[in-house]
Amino acid sequence: MESTNSRTGSIRPVLVLGGCALVAAIVYVGLVPQALLAGDASRALLFLVLGWVPYTIVFYAIGRLISSPEQLPNMRAADFGLAAFLVSLLLSLGLDAWGFSPEQVPAAHVMQGVGIFVGLALFGWGLGRRSHAVVTASSDTASSDRDR
């Protein structure tokens, strides 16, 4: 017989994935282009940065759903993702400080933008994978304690 917590534990990541994917789609397909077309670049940048949160949570939920680690995985993917995010962000800010702003030279910021989104995806996926392993290990421990 399955416990209520294990049933809701498998549904919760699906709901998180769907909700955050919907929010990220609204932000990146609706709000950012709308602000850019209205000529409000600062508001578009704000929406772009706020969209990083649901984007990262989408990959967290994917990591929770599709990973099946045998043991507790290391955090290399999350570490590499965080490093890629920070380095890309700093490079983009450095280019902006040297006078190469995204408005003047958008092609100079393309690689940093890709690095930011790849880094956020790896960070979310690594955390989700680790979280799934911790929950699985704790439920296995709880079920073996119950069987005694």
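Since the model is a prediction, treat every value here as computed from it, not as a measurement.
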Practice problem: Could you pull out all residues at least two apart from A25 that satisfy side-chain contact (heavy atoms from CB on, under 4.5 Å)? | Solution: none
Practice problem: Output all residues satisfying side-chain contact (heavy atoms from CB on, under 4.5 Å) with M111, sequence neighbours left out; order by chain, then residue number. | Solution: none
Using a 3.5 Å cut-off and no angle test, enumerate the donor-acceptor pairs between side-chain atoms of residues 84-92 and protein atoms at least two apart in sequence or in another chain.
from : atom 1 : to   : atom 2 : distance (Å)
S88  : OG     : A84  : O      : 2.8
S92  : OG     : H109 : ND1    : 2.8

Exercise. Provide the full list of side-chain hydrogen bond (donor to acceptor under 3.5 Å, both in side chains) pairs with a residue in residues 26-51, sequence neighbours left out, each pair given once.
Key: D40-S42
Distance (rounded to the nearest 0.5 Å) between [X] [atom1] and [Y] [atom2]:
{"X": "L17", "Y": "L22", "atom1": "CG", "atom2": "CG", "result": "11.0 Å"}
{"X": "C20", "Y": "L15", "atom1": "SG", "atom2": "CG", "result": "10.5 Å"}
{"X": "L36", "Y": "F47", "atom1": "CG", "atom2": "CZ", "result": "10.5 Å"}
{"X": "L48", "Y": "L31", "atom1": "CG", "atom2": "CG", "result": "11.5 Å"}

[X] and [Y]: which non-hydrogen atoms are nearest, and at how many Å?
{"X": "G51", "Y": "V27", "value": "CA-CG1, 3.9 Å"}
{"X": "P54", "Y": "V23", "value": "CG-CG1, 3.8 Å"}
{"X": "F59", "Y": "A121", "value": "CB-O, 3.5 Å"}
{"X": "A108", "Y": "Q112", "value": "O-OE1, 2.7 Å"}
{"X": "F117", "Y": "W52", "value": "CZ-NE1, 3.6 Å"}

Do [X] and [Y] sit in the same hydrophobic cluster, where Ile, Leu, Val, Met, Phe, Trp and Tyr count as joined when their side-chain heavy atoms come under 4.5 Å apart?
{"X": "L45", "Y": "V32", "answer": "yes"}
{"X": "M75", "Y": "L120", "answer": "yes"}
{"X": "V114", "Y": "L122", "answer": "yes"}
{"X": "L82", "Y": "V49", "answer": "yes"}
{"X": "I62", "Y": "V14", "answer": "yes"}

Quiz item: Rest of the hydrophobic cluster containing V53 (Ile/Leu/Val/Met/Phe/Trp/Tyr, side-chain heavy atoms under 4.5 Å)?
Solution: V16, I57
Listing, residues 126-133 side-chain donor-acceptor contacts under 3.5 Å, not counting sequence neighbours, or none:
from : atom 1 : to  : atom 2 : distance (Å)
R130 : NH1    : P73 : O      : 2.3
S131 : OG     : Y60 : OH     : 3.0
S131 : OG     : R64 : NH1    : 3.2
H132 : ND1    : R64 : O      : 3.1
H132 : NE2    : S67 : O      : 3.3

